[in-house]
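First comes the structure, then the notes that go with it.
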Amino acid sequence: MSKSFHPDLPIIITPGEPLGIGPDVVIQLIQQKLDYPYIIVGDPESLSDRANKLGLSFNPENIHAVKLNSRYVLNCLDIAADLCLHEKGAALLTGPANKTIINQNGFDFLGHTHYLAELTKTQNPVMFFDSPFLKIGLVTDHLPLNKVSEAITTERLTAVIAAVSAFIKSSNIAVCGLNPHAGENGYLGQEENKIIIPTIKNLQKKYPDLSGPHSADSLFYENNLKKHDAVIAMYHDQGLCVLKHRNFKDSVNITLGLPFLRTSVDHGTAMDLAGTGKADSSNIKYVFSKTVEFIYAQTP
């Protein structure tokens, strides 16, 4: 683990898209007395303006100033990641970004996970979600469905299982199949027979409680989930539809594999709610508290 896992260092917070609810929920978060230090990386003037719209106070004391421009969201991430890499932050907590706006401004952006991975030269980042109901890692994430099958490789599946097992400190992990009924012995697809089953069998030497491939339509039944400490889903919506249906407000997005801890809210920018006072800050409050918990859990 990186030395940046240290309880004396602050949590670095990026509000995300300035026209969305990221600034709202961050401002709402810091209204309460937080039991852990933090630094907000953002534009003080725009955050103050948003706080005024919400009728809330904003103290720029704990802010690392970034000028608002077309690359603002990415600049905030660059600075925040640099603070964590240089042991000035214990973790990075990110607000929601709008991929469309960033790409329309001429910057390639698939999402925080891949941007931070490129920034830190991380080879196999894993999008992982932690909630009271379900802990789930994704083999593929922001990828079109017609490209999912070719992206499921022995190397990728091995890396995801290893990262999830290390984070939850358990090998009791259930792996979903890709196809309906986990391929039905090859009648509904060959990905299970060619890739997923051989990989699982090989990894069971190291991870004895690893199991699968399970048919996703039955694995996510609550009584089945109770038998496992985490699930590996093959693609984004296979797992996240279940997670968000049950735990939309109390789930945490974590990027595994980075040289520092990164957590995120599990909602979008909701730009129609920005500045209205209607944004729900319960998720970022939950994420902040869980980030503190993760920091202490990962501290040597």
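This is a predicted model, so every value here is computed, not measured.
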Keeping [X] on the side-chain end and [Y] on the backbone end, is there a donor-acceptor pair under 3.5 Å?
X: Gln32; Y: Leu34; result: no
X: Tyr38; Y: Ile30; result: no
X: Asn105; Y: Ile101; result: yes
X: Asn283; Y: Val265; result: no
X: Glu192; Y: Asn185; result: no
X: Gln238; Y: Gly177; result: yes
X: Ser165; Y: Ala162; result: no
X: Ser264; Y: Thr94; result: yes
X: Gln31; Y: Ser57; result: yes
X: Thr269; Y: Pro96; result: no

With rounding to the nearest 0.5 Å, note down the distance linking [atom1] in [X] to [atom2] in [Y].
X: Leu93; Y: Leu29; atom1: CG; atom2: CG; value: 8.0 Å
X: Phe128; Y: Thr255; atom1: CZ; atom2: OG1; value: 11.5 Å
X: Leu157; Y: Ile232; atom1: CG; atom2: CD1; value: 7.5 Å

Kindly work out whether a path of hydrophobic side-chain contacts (I/L/V/M/F/W/Y, heavy atoms less than 4.5 Å apart) joins [X] to [Y].
X: Met234; Y: Leu210; result: yes
X: Leu110; Y: Tyr235; result: no
X: Ile136; Y: Tyr207; result: no
X: Phe129; Y: Ile284; result: no
X: Ile152; Y: Met127; result: no

Evaluate whether atom [atom1] of [X] has more than 12 neighbouring non-hydrogen atoms of other residues, nucleotides or ligands under 6.0 angstrom away.
X: Lys169; atom1: NZ; answer: yes
X: Gln190; atom1: CD; answer: yes
X: Asn69; atom1: CG; answer: yes

Legend entry - Parallel, tilted or perpendicular: rings of Phe167 and Phe294 (30°, 60°):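 The rings of Phe294 and Phe167 stand perpendicular, inter-plane angle above 60°.
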Inset, instruction - Please work out which of the three classes, parallel, tilted or perpendicular, describes the rings of Tyr36 and Phe288, given edges at 30° and 60°. - result: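 Perpendicular.
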Inset, instruction - Report yes or no: do Asp280 and Ser282 form a side-chain donor-acceptor pair below 3.5 Å? - result: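 Their side chains do contain a donor-acceptor pair, which is all the 3.5 Å distance test asks for.
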Inset, instruction - Would you kindly say whether Asn179 and Tyr187 are connected by a side-chain donor-acceptor distance under 3.5 Å? - result: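 Per modelled atom types, Asn179 and Tyr187 side chains form no pair under 3.5 Å.
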Inset, instruction - Can you sort out the partners of Asp217 under salt bridge (Lys or Arg N to Asp or Glu O under 4.0 Å), two or more places apart, ordered by chain and number? - result: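 With sequence neighbours excluded, Asp217 shows a salt bridge (Lys or Arg N to Asp or Glu O under 4.0 Å) to no residue whatsoever.
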Legend entry - Worked verdict on Asp43 versus Val66 for side-chain contact (heavy atoms from CB on, under 4.5 Å): CA-CA 5 Å; Asp43 178 62; Val66 181; 5.7 Å; no
Inset, instruction - In sequence, state the C-alpha distance, the side-chain angles, and the governing distance for Thr199 and Val175, and then conclude on side-chain contact (heavy atoms from CB on, under 4.5 Å). - result: CA-CA 11 Å; Thr199 302; Val175 181; over 6 Å; no
Inset, instruction - Output yes when Asp24 and Arg50 qualify as a salt bridge under the 4.0 Å nitrogen-oxygen rule, no when they do not. - result: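 Salt bridge: yes.
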Legend entry - For the student: nearest non-hydrogen atoms of Ala97 and Phe109, plus distance: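 Closest approach of Ala97 to Phe109: CB-CE2, 4.0 Å.
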